[in-house]
Amino acid sequence: MDKERKHPLAKCEECPWYEKSAYAGEAGPEEATTIVIGEAPGAVESRTGIPFTGPSGQLLDRVLDHHGIDRSELRFTNVAACHPPYSPGKGSVVPPAEVIACCKPRLDSELVGRSTIVCLGNTAAKTVLATSEGILSLRVGPPRKIKDATVVATVHPAACLRQSDLFPNLVKDIGKLINTDLWVGFEPPTVASFDDAESARSVIQELSTYDELVVDIEVDVAAVKDLNTPGGKLLCVGISYAPNKAIVIGEKALADGYVTHALKRLLDTKKLTCHNGKFDIAKLMEYGLLSDSSSFYFDTMLASYTFDERPGYHGLKGLASEVLGAPDYADEISPFVEKGGGYGNVPRPILYKYCAYDAAFTFLLKEHFERKYLDEPDLRELHDRLVMYSRELIYVEREGVRFDLDYNAELYTQFDEQLRPLEVRMAEMGLLNARSPKQIKEWFERAGLILPDTTEDTLRNLYERKPDVELLGLLLEHRKAQKSFSTYVKGLRKRVYEDRVYSTFLLHGSVTGRTASRNPNLQNITRGVVLRKQFVPDPGNVFVQADYGQIELRVAALEAEDEYLIGVFNDPSRDIFDEIGTNIYGSVEAAKRKENRVRTKAYVYGMNYGREAASIAGEYKIPLREAEKGMNAFFQMVPGIVAWREHIQQELKTQALRTRFHRRRRFWLITKDNRADATREGWAFVPQSTANDVTLTALTRARQAGMHVRIPVHDSIMVECADDPGVIGDVRRELSRIMVDTARDLLGDRVPFIADTEVGYNWGELSE
DNA sequence: TCGATCAGCGCG
DNA sequence: CACCGTGCTGATCGA
């Protein structure tokens with residue numbers, strides 16, 4: 001092959017990709033002021049020789065078109081000008097540093113004289129901006145500057161095709177090319193801090209003329225376990241009272257009783273706005289600066305979530321940057337903040353400014369969202385509902401739940417004694433670390449078996465075929481015990497503060513609106529006695545737990561207006577699974593009926609998330625035809641459900657799915673690869689989301705009725721009350737009544753809802 | 001040594 | 001071939 005350069009400036013002959021790669025260098029007018037840079041040409045580009053002519057280019061065209069940007073005025077290229085050589089087993093290949101370096105002179109020459117540079121994806125953004133920062137943070141906020149050029153960084157269209165919830169980022173960021181409001185920079189807020197008692201009291205006095213205040217606090221949590229455990233030192237309180245105006249009450253002033261008294265009087269009488277108020281409001285209550293959560297009425301984090309249901313886009317810094325064009329104002333404090341540590345070491349003047357900025361930006365964000373709500377009153381309604389939940393979850397989080405440390409220590413010994421001999425035995429057999437999927441695969445490879453993966457399912461199926469392979473049995477036992485030990489014995493112990501755990505419940509942690517729980521997650525504690533027994537009420541108390549029966553199924557029946565299901569639910573003498581089972585299989589003897597019942601449940605519960613016959617056939621080891629027959633028989637009984645599913649399937653292609661609580665689920669970019677997933681997600685969304693709002697509303701009412709809610713898990717609420725027969729009876733009746741009534745109030749009475757209660761001295765042993 | 005990512009698995 | 005939605009742990013890999 002001729003060692004001829006593919007580009008006059010690139011060091012092609014030194015490039016590892018030189019030999020076998022196809023060149024697709026640049027496209028568009030050489031004099032263009034804007035250049036778009038990707039990573040490397042794809043398969044299509046390697047044939048056409050023109051960058052951005054494949055699927056990514058087409059997607060980009062759609063986005064440019066959406067913003068009215070004329071593609072023919074743009075210049076296009078990639079960091080690497082050549083299509084990567086074929087390498088077996090690798091989907092896409094990121095250009096290695098040597099390739100980028102060889103192509104860099106070519107790329108640099110392309111940048112000369114451009115006023116705007118659009119970087120698509122990590123490779124382009126990192127190369128052009130010479131940084132190691134990732135694209136998901138580089139893309140946020142106003143465009144950056146290098147020399148005389150403006151750099152808009154965003155995700156690569158190819159990434160959007162694989163992961164469709166990245167697509168809104170691409171659309172938004174490309175919009176920055178024409179929506180230049182953010183480019184003009186931003187006006188820093190006017191802030192002042194008051195760290196002596198006298199001036200603090202006088203500024204608090206001045207603030208009394210405002211009706212609404214925005215509050216943000218900084219806490220030194222270094223001394224405590226987690227951000228959400230009690231304790232930690234209050235360092236300052238920031239208050240914003242007008243656009244771009246904020247004050248901060250400092251640490252010294254807060255040590256003065258008159259100041260705190262005046263501050264409490266102020267905060268108690270104002271409508272309060274926060275960013276993630278569940279934290280700030282709870283802390284203000286803990287420090288005695290606020291009586292209760294009732295004045296908390298606007299939350300900019302939750303507001304952001306009502307407009308964009310994707311988790312992970314609602315942080316204050318990101319929003320301030322994206323919406324207000326604020327700079328990275330955290331960079332001043334970051335040198336003083338140790339990883340995982342608190343803000344205690346930050347010099348106070350710097351910390352106070354940071355706190356004031358937080359408050360000021362929260363004020364401006366509130367105005368921003370309030371304006372947007374004028375056009376979207378439904379979303380405002382959702383916001384108010386979320387804040388209502390948030391106000392009550394404050395109490396749930398603050399009270400935490402008691403944890404039995406003695407029993408935890410017992411479990412530690414027990415699991416340790418179970419695991420150690422298993423590990424010794426497996427090591428003798430040549431498997432040194434049973435926790436390593438890699439080593440397990442290698443062990444079986446040596447034995448002449450290639451495993452696709454090492455999941456429980458795979459191991460169990462293999463064990464059934466080869467019961468003489470002792471290791472399989474050991475592995476399965478070890479796997480189970482190891483999970484319990486690491487996550488639910490050792491892991492939980494790490495989260496205990498004094499003798500309680502304080503989980504955080506996120507209202508913005510899922511696309512469906514379900515709550516997420518973390519630090520620790522209390523919503524995935526293993527069912528059964530052993531591990532749940534670690535959670536106990538205070539001495540002299542009991543737990544009362546109430547569960548909604550088949551709530552998602554009942555919601556689906558209601559939403560689909562399925563007459564069969566509605567009929568079954570309205571007649572307490574009918575048993576849905578027996579009835580459907582009989583319909584599918586005919587009448588059979590009792591033993592067979594029980595087996596059929598299990599399978600019928602799979603069809604019925606699988607319905608909500610689009611489970612297919614093949615999966616049921618696989619699970620119960622029955623012929624596919626039989627599973628299909630059963631499934632068809634079931635769906636024939638519920639024509640309303642069938643029609644509703646078809647409706648959802650159509651709707652999600654063109655518009656957002658919505659629940660009656662105005663939750664939205666949008667499918668940003670449907671491709672042939674994700675269409676089936678989107679359909680299943682669509683089917684699951686409405687029942688799951690609606691059931692969640694019913695449960696959270698019931699939780700709100702239970703809390704307001706004075707109950708001590710301990711652990712909410714999607715369709716159940718556990719509370720704690722005195723161990724007294726009269727009290728227990730009242731609480732059971734009342735909690736159950738609240739849950740049933742809430743469902744009726746919110747969803748009507750076409751389908752009745754039920755809630756069964758159980759009582760016990762720990763979470764593992766609830767009965768009745 | 002540390003962060004990011006993967007595999008695996010717990011719940012409703 | 002394929003079940004939706006979460007969070008946590010331990011292994012692994014590359015900077």
Side-chain angles (χ1 to χ4, degrees), chain A residues 94 96-97 122 126 132-134 136 309 311-312 339-340 432-442 451-460 475-476 478-492 494-495 503-528 530-532 547-553 556 602-603 605-619 624 648 663 665 673-689 691-692 695 711-717 763:
Chain A
V94 177
N122 255 319
K126 286 179 178 174
S132 62
E133 217 181 313
L136 288 180
E309 68 272 23
K339 46 191 182 311
L432 292 179
N433 185 355
R435 280 164 253 103
S436 163
K438 191 166 168 256
Q439 287 188 30
I440 296 172
K441 274 191 182 177
E442 283 164 3
L451 300 183
D453 52 54
T454 62
T455 59
E456 189 189 343
D457 226 35
T458 304
L459 299 182
R460 199 171 292 287
L475 269 175
L476 286 165
H478 180 270
R479 197 53 82 62
K480 183 94 184 134
Q482 172 62 30
K483 173 76 174 171
S484 300
F485 186 50
S486 65
T487 305
Y488 301 113
V489 177
K490 282 199 290 181
L492 280 174
K494 285 186 207 146
R495 298 292 180 181
S503 177
T504 301
F505 295 96
L506 308 182
L507 289 170
H508 63 294
S510 76
V511 271
T512 58
R514 265 192 171 184
T515 52
S517 159
R518 68 181 186 204
N519 302 336
N521 180 355
L522 295 182
Q523 296 180 324
N524 72 343
I525 309 292
T526 312
R527 272 175 305 190
V530 180
L531 295 165
R532 287 198 176 184
D547 298 49
Y548 278 115
Q550 303 143 335
I551 185 169
E552 285 185 25
L553 198 55
Y603 297 127
Y605 287 129
M607 170 189 100
N608 270 346
Y609 34 71
R611 189 169 186 184
E612 284 170 38
S615 133
I616 292 172
E619 184 178 339
L624 178 61
I648 298 263
R663 306 246 188 198
R665 175 76 165 97
D673 293 326
N674 69 20
R675 179 186 292 132
D677 287 344
T679 305
R680 283 192 298 266
E681 286 170 33
W683 287 338
F685 169 66
V686 173
Q688 193 173 100
S689 179
N692 164 68
T695 310
I711 305 178
V713 192
H714 306 311
D715 62 356
S716 74
I717 297 171
W763 194 17

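Both backbone and side-chain heavy atoms feed into the values below; hydrogens, waters and symmetry mates do not. All of these numbers come straight from a predicted model, not from anything done at the bench. Just so it is clear: chains get the letters A, B, ... in the order the sequence lines come, proteins before strands, and each one is counted from 1.
Toward the 5′ end of DNA chain C lies the nearest nucleotide of Ala684(A), the other residue of the pair Ala684(A) and Gln482(A) mapping further downstream.
In this entry the distance linking CD1 of Ile616(A) with C1' of dC3(C) reads 10 Å, nearest Å. Atom NE2 of His508(A) is separated from atom C1' of dG7(C) by 14 Å (rounded to the nearest Å). Here the C1' atom of nucleotide dG10(B) and the CD atom of Gln523(A) are 12 Å apart, to the nearest Å. Taking atom CG on Leu531(A) and atom C1' on dC9(B), their separation rounds to 13 Å, with Å as the unit. If you take CD of Gln439(A) and C1' of dG10(C), they are 12 Å apart, rounded to a whole angstrom. Atom CD in Glu442(A) sits roughly 12 Å away from atom C1' in dT12(C) (whole-Å rounding). Look at CG on Asp673(A): it is 17 Å from P on dA2(C), rounded to the nearest Å. Counting to the nearest Å, the P atom of dG12(B) and the CD atom of Gln550(A) are 15 Å from each other.
Contact check, Asn692(A) against dG5(C): no side-chain N or O comes under 4.0 Å of OP1 or OP2. For Asn524(A) and dC9(B), the shortest distance from a side-chain N or O to OP1 or OP2 is not below 4.0 Å. The side chain of Lys480(A) places an N or O atom within less than 4.0 Å of a non-bridging phosphate oxygen (OP1 or OP2) of dG10(B). Listed pair Arg435(A) / dG10(C) fails the phosphate criterion, with no side-chain N or O lying under 4.0 Å from OP1 or OP2. Close to dG5(C), at under 4.0 Å from its OP1 or OP2, lies no side-chain N or O of Ser510(A). A sub-4.0 Å separation between OP1 or OP2 of dG5(C) and a side-chain N or O of Arg680(A) is absent. One finds a side-chain N or O of Arg527(A) lying less than 4.0 angstrom from the OP1 or OP2 phosphate oxygen of dC11(B).
Here the side chain of Thr512(A) is nearest to one of dG10(B), dG5(C), dT12(C), namely dG5(C). Distance from the side chain of His714(A) is smallest for dG12(B) among the nucleotides dC8(C), dG12(B), dA11(C). Checking dG8(B), dC11(B), dT9(C) against the side-chain heavy atoms of Asp453(A) singles out dG8(B) as nearest. Out of dT12(C), dT9(C), dC11(B), the shortest distance to the side chain of Thr526(A) is found at dC11(B). In the set dG8(B), dC11(B), dG10(C), the nucleotide with an atom closest to the side chain of Arg532(A) is dC11(B). Side chain of Arg514(A), nearest nucleotide from dT9(C), dG5(C), dC11(B): dG5(C). The Glu456(A) side chain lies nearest to dC9(B) when the options are dT9(C), dG5(C), dC9(B). Residue Arg518(A) has its side chain nearest to dC8(C) when only dT6(C), dC8(C), dG12(B) are considered. Picking from dT12(C), dC4(C), dG8(B) the nucleotide with the shortest atom distance to the side chain of Arg479(A) gives dG8(B). The Ser436(A) side chain lies nearest to dT12(C) when the options are dT12(C), dG8(B), dG10(C).
The distance from atom NE2 of His478(A) to atom CZ of Phe485(A), rounded to the nearest 0.5 Å, is 10.0 Å. In this structure, CG on Leu459(A) lies 6.0 Å from CG on Leu475(A), to the nearest 0.5 angstrom. Atom-to-atom distance recorded for Lys483(A):NZ and Glu456(A):CD is 11.5 Å, nearest 0.5 angstrom. Here Ile648(A) contributes atom CD1 and Thr679(A) contributes atom OG1; the two are 10.5 Å apart, rounded to the nearest 0.5 Å.
Summarising the base pairing, dC1(C) is matched to no nucleotide, lacking a Watson-Crick or G-U wobble pair whose two defining distances lie under 3.5 Å.
With salt bridges taken as basic N to acidic carboxylate O contacts below 4.0 Å, none links Arg460(A) and Asp457(A). Arg665(A) and Glu681(A) are joined by a salt bridge, as a carboxylate oxygen and a charged side-chain nitrogen come within less than 4.0 angstrom of each other.
Residue Asn608(A) is out of contact with every strand shown, counting any heavy-atom pair closer than 4.0 Å. Using a 4.0 Å heavy-atom distance criterion, Thr454(A) is classed as a sugar-phosphate-only contact. Ser484(A) comes within contact range of no nucleotide atom at all, as no heavy-atom separation falls under 4.0 Å. No engagement by Glu552(A) is indicated, since no non-hydrogen atom pair under 4.0 Å with the nucleic acid exists. As judged by a 4.0 angstrom heavy-atom cut-off over every strand, Gln688(A) is placed among the base-contacting residues. Using a 4.0 Å heavy-atom cutoff across all strands shown, Gly491(A) reaches sugar-phosphate atoms only and no base atom. Heavy atoms of Ile525(A) sit under 4.0 angstrom from primed sugar atoms or phosphate atoms, though from no base atom. Residue Ala614(A) is classed as a sugar-phosphate contact, given heavy-atom separations below 4.0 Å to backbone atoms only.
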*Show your working on side chain to side chain contact (heavy atoms under 4.5 Å, CB included) between His714(A) and Gln688(A) and close with a plain yes or no.*
CA-CA 9 Å; His714(A) 306 311; Gln688(A) 193 173 100; over 6 Å; no
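No donor-acceptor contact under 3.5 Å links the side chain of Asn521(A) to the base of dG7(C).
A pairwise comparison of heavy atoms in Leu522(A) and Trp763(A) identifies O-CH2, 3.5 Å as the closest pair.
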